[in-house]
Q: 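My structure is below; once you've seen it, I'll send some questions.
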Amino acid sequence: MKQMTGNEIRDLFIEFFKEKDHMVEPSAPLVPIDDDSLLWINSGVATLKKYFDGRIIPDNPRIVNAQKSIRTNDIENVGFTARHHTFFEMLGNFSIGDYFKKESITLAWEFLTSENWMGFDESLLYITIHPEDTDAFNIWREDIGLSEDRIIRIEGNFWDIGEGPCGPNSEIFYDRGPDYEYDAPDEEMYPGGENERYLEIWNLVFSEFNHNSDGTYTPLPKKNIDTGMGLERIASIVQNVPTNFDTDLFMPLLQKIEEVSGKNYGENDQQDAAFKVISDHVRTVSFAVADGALPSNEGRGYVLRRLLRRAVRFSKELGVKDAFMFSLVDTVADIMKGFYPNVEEKSDFIKEVVRKEEERFLSTLDEGIRIYESIKASVKDTTGVITGEEAFKLYDTYGFPYELTKEYAENDGLRVDDEGFREEMKKQRERARSARKAGESMQVQSETLSNFTEPSTFTGYESMHEEAELLLIVKDDQALDSYDGEETVELIFDKTPFYAVSGGQTADTGVIKNGTSELRVEAVYKGPNNQNVHIARLVNGAVEAGASYSLSVDEDKRRFIVKNHSATHLMHQALKDTIGEHANQAGSLVEAERLRFDFSHLNPLTEEEIRTIEDAVNEKIYEGLDVQISEMPIEDAKEKGAMALFGEKYGDVVRVVDMEEYSVELCGGIHVVNTADIGLFKIIAETGIGAGIRRIEAVTSKYALEYYKQKERQLQEVASALKVKEDNIARKISQLYDERTELKQEIKDLKSASAKDKLTDLKDVKHEVGDVELIATEVSAKNAKELRAVMDDVKSANQDAVIALGSVSDGKVALVVTVPKDLTDRFKAGDIMKGMAERVGGKGGGRPDMAQGGGTEPHNLTIALQFVNDYITTALKRV
Ligand code: ATP
Ligand code: MG
């Protein structure tokens, strides 16, 4: 076997399949494009779904790629097996309706065993197949010549992710020898078992059935091949090292971690696990951020947050205290830059994101300790056990490492329900798995459109009308000669001025006519073979294949769509100039009435940034830039500095939209001739739509003017409500504010004056019963607290009196009574209160000198107050 670096192996794989007439598909970004069903690109096939389910027919049915992938379901394995990562590269060859089982097996075998390529020792390779896949068995047995004992039948070898293509698979294993039998039980010691000796290197999937939405399986019209081989695993074999982490794809990272931590890799297992986890996770995070994801509390962002936290937690094992992960980003960039330059290009941004997140977590750890303390307080004197649920919540919600929970608990003499915790972890993994499975399905192939290859020319750049021949009518996946029903049909013409939805620009709508027949075009999309497919509904007559029609786009609508599209380009540039190059387009929608633009950015835009962007775009509208559109080789476009859409795939010749070099973008859309045609540009909203993704909505031309007019009307309404001229609104408002402040002060003064008055009033109600001074009256107070405050005032002015106050608010009565200290041996406040409260249907009590109470019968308050008088009179008589 030849010695090779990871990069050389990747190249060799691609080279091999290029030689076998495969076209190279570039590695797609980890964040799926136009595919909400998937959190991350997790395999080579994930980016090729559009070919697999027949939505698009590739230029060449044989494809090879090296695809970066993220798998979060393997996260708990990382650091503890030799072969699992959260980020890894999958090398794959694919056949879209071209070769099938036999060729795919032969190709794989040749690549692995031929001296010209990998040159693996044949006797170390083992195969698994699906038990019923006799084709695969015969190929391995007869064509390749493997003995039966090296072909293992495994029930689970059937690749099925719900609706869409599926089929049996066959995996290739490499025997790493008896030295690798550690840790695994005997019953797992076979190719396909959970062990490190028989290493799964390559999975060949024979996709031959359609899994239909009703759960049935039918043969696929076009059978596909999908294979995946882990680059890191192959490298570990080629370089004859014990784990993926000991390959040149990781070693520089491990050395950098040694440098930062002062600890050595290879000293003991526990420390080594930390080295592995940290190096794995920093690769994942660096690549994910480079591809537009950012840490947050949900979805993709949450995965990044968890990975970073897990790495930081393992760094404690190495005695690292401060943020340090960010300092590894440059090493990741350096190892990978040959094939993946974008990590290096964005390294400053990545480092900032990682450092902020680390620092944030280090302070979260403090929070975790607080939560732990409160759990401890509640169980310490009761069960003495921290439940699995509590430990899991600490881990999952607060990012507090389980090991730390255990450590703390041990110190505090508590037990942690280990089994319960594991149970929760298992549930979490199941949730993740079912979410993954549910989301991966594809669409069912449409055979009619896939097989229809006659070209259709788009003439809509120059014109909005066209006379064209109707080539195809499709209804329910059947080609029809004619149709006269009420539902929509799909139509393909030999040429068309109708723009199909793409690049964010919405499709044209319009009319198709011929004699007395008329159809309304409701939507247009690009079919699998690149023709524009019109979804249309009859208004009159019938539609017939082979007939000629005149096609007319809704002109007015198109005109405004075009303005908004050009404005989008200007804004994209202005945005980058204002907030930075990282503001990549993450989504775009161009309609007639408005435009919407999503981009990656951590913080909301400030008012000032929004104004700067708006001004810059309008400036370019006033300047009247000519819009030059030309086709050129992609190399030339790159040289011109054309902005390419991140992750989009372009052909060799591209269409470049150039606005006098201010904005240069690759784009297939339709644009104004001169930016002056846009008229006016106005941003009307800026919001966040997810982790690190912001959205701007804007309007142009007539719609911008309408927006301003509406604002003007609002201003007029305000002016007329204020009864001033518009120019004087601000002055009027500040005048009203001043008045308001004065009035408030006046009210305050009046209130305190009237409160004083009331106290004087109370003097009037004070009377003597025998030798006792008594005040018993209703006052106004909102609640018991206010009533006590009134009592304080009254008392301070009437030290020697027995005072009983009552107030009514919200249908409730509040009562308070005080008796001067030197009278308490004669009358007790508590006794007085009892009698009072009883009379208002409530309760009360307190000390001899002060008692409180209340009731629910306001109409009896007078009686209650009268009672005080009677009580004292009676008491005096008794003496
Ligand atoms: P395993 O059973 O070893 O976890 P798998 O069955 O999940 O692997 P596939 O989905 O068949 O793997 O992926 C194809 C290939 O990608 C595997 O043969 C392996 O070489 C590689 N691979 C899969 N998962 C990982 C991972 N987490 N880290 C590194 N390589 C992986
Ligand atoms: Mg497997």
Side-chain angles (χ1 to χ4, degrees), residues 6 9-10 13 27 30 38-48 64-94 104 108 111-112 118 120 125-130 152 154-161 166-176 180 184 188 190-207 225-238 241 243-247 249-250 276-277 279-281 283-284 287 303 307 310 429 432-433 436-437 440:
I9 298 169
R10 190 195 296 115
F13 183 86
S27 199
L30 290 160
L38 207 56
L39 206 53
W40 301 102
I41 293 302
N42 59 2
S43 60
V45 71
T47 67
L48 306 176
V64 57
N65 69 7
Q67 177 59 48
K68 41 190 170 176
S69 306
I70 289 183
R71 287 199 179 175
T72 48
N73 55 320
D74 285 332
I75 188 171
E76 299 301 333
N77 276 328
V78 174
F80 302 98
T81 71
R83 62 189 196 281
H84 285 104
H85 304 295
T86 54
F87 170 90
F88 65 101
E89 286 179 74
M90 207 187 270
L91 307 173
N93 61 293
F94 306 86
S104 96
F111 178 71
L112 289 178
M118 298 304 293
F120 282 1
L125 296 176
Y126 290 80
I127 305 302
T128 64
I129 57 165
H130 188 263
I152 294 107
I154 290 187
E155 194 61 50
N157 276 8
F158 193 89
W159 192 81
D160 188 354
I161 50 166
C166 61
N169 62 321
S170 180
E171 295 168 327
I172 305 174
F173 287 77
Y174 186 94
D175 180 5
R176 303 224 64 193
Y180 285 79
E188 286 291 328
Y190 62 91
E194 209 33 62
N195 67 71
E196 301 278 17
R197 173 171 177 173
Y198 299 99
L199 180 62
E200 179 192 328
I201 52 177
W202 203 346
N203 189 0
L204 316 180
V205 181
F206 313 124
S207 148
I225 289 294
D226 145 29
T227 85
M229 169 155 84
L231 172 64
E232 297 78 3
R233 293 187 187 182
I234 292 291
S236 75
I237 295 172
V238 171
V241 290
T243 78
N244 293 2
F245 297 90
D246 301 285
T247 66
L249 293 165
F250 280 86
K276 290 172 184 167
V277 167
S279 60
D280 174 86
H281 292 4
R283 278 182 8 135
T284 314
F287 270 85
V303 171
L307 287 170
R310 190 164 183 265
R429 269 198 294 273
R433 191 171 314 132
R436 191 164 62 91
K437 288 253 156 80
E440 271 178 347

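This is a predicted model, so every value here is computed, not measured. We count ligands from 1, going down the list as the structure has it; atoms in each ligand are counted the same way.
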Q: Would one find an N or O of Asn203, backbone or side chain, under 3.5 Å from an N or O of ligand 1?
A: yes
Q: Who's closest to atom 19 (C) of ligand 1 heavy-atom-wise, of Glu194, Arg233, Glu89?
A: Arg233
Q: In ligand 1, which numbered atoms sit nearer than 4.0 Å to a non-hydrogen atom of Asp74?
A: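 Numbered from 1, ligand 1 contributes 24 (N), 26 (C), 27 (N).
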Q: What I want to find out is whether Glu196 reaches Arg233 closely enough, with some N-O distance under 4.0 Å, to be called a salt bridge.
A: no
Q: Please list, in number order, the atoms of ligand 1 under 4.0 Å from a heavy atom of Arg83.
A: 3 (O), 28 (N), 29 (C), 30 (N)
Q: Which is closest to atom 9 (P) of ligand 1 in terms of heavy atoms, His85, Arg71, Glu171?
A: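 Comparing heavy atoms across His85, Arg71, Glu171, the nearest one to atom 9 (P) of ligand 1 lies in Arg71.
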Q: What residues, two or more places apart in sequence or in another chain, satisfy ring pair (Phe, Tyr, Trp, His ring centres under 6.0 Å) together with His84?
A: none
Q: Short list, please: which atoms of ligand 1 are under 4.0 Å from a heavy atom of Met90?
A: 13 (O), 14 (C), 16 (O)
Q: Examine the proximity of ligand 1 to His84 and report which part, side chain or backbone, both or neither, has a heavy atom under 4.0 Å away.
A: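 For His84, the contact with ligand 1 is made by both the backbone and the side chain.
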Q: Check Asn93 against Phe13 and note the closest heavy-atom contact, atom names and distance.
A: N-CZ, 4.1 Å
Q: Kindly confirm or rule out an N or O of Asn244 lying under 3.5 angstrom from an N or O of ligand 1.
A: no
Q: Can you check whether Met229 has an N/O within less than 3.5 Å of an N/O in ligand 1?
A: no
Q: Considering both backbone and side-chain atoms of Phe88, is one of its nitrogen or oxygen atoms within less than 3.5 Å of a nitrogen or oxygen in ligand 1?
A: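 The answer is no, given that Phe88 and ligand 1 share no N or O pair closer than 3.5 Å.
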Q: Could you tell me which atoms of ligand 1, counted from 1 in the order shown, lie closer than 4.0 angstrom to a heavy atom of Ile201?
A: 18 (O), 20 (O)
Q: Looking at every heavy atom in both Ile154 and Gly192, which two are closest together, and how far apart are they?
A: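 Distance-wise, the nearest heavy atoms are CD1-CA, 4.0 Å.
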Q: Taking the six-membered ring for Trp, are Tyr190 and Tyr198 ring centroids under 6.0 Å apart?
A: no
Q: side-chain contact (heavy atoms from CB on, under 4.5 Å) between Ser43 and Arg71: does it pass, once the steps are laid out?
A: CA-CA 9 Å; Ser43 60; Arg71 287 199 179 175; 4.0 Å; yes
Q: Quick one about Asn244 and Thr247 (side-chain donor to acceptor, distance below 3.5 Å, no hydrogens or angles considered), yes or no?
A: no
Q: Does the pair Phe245 and Asp280 meet the rule for a side-chain contact (heavy atoms from CB on, under 4.5 Å), with working shown?
A: CA-CA 8 Å; Phe245 297 90; Asp280 174 86; 4.1 Å; yes
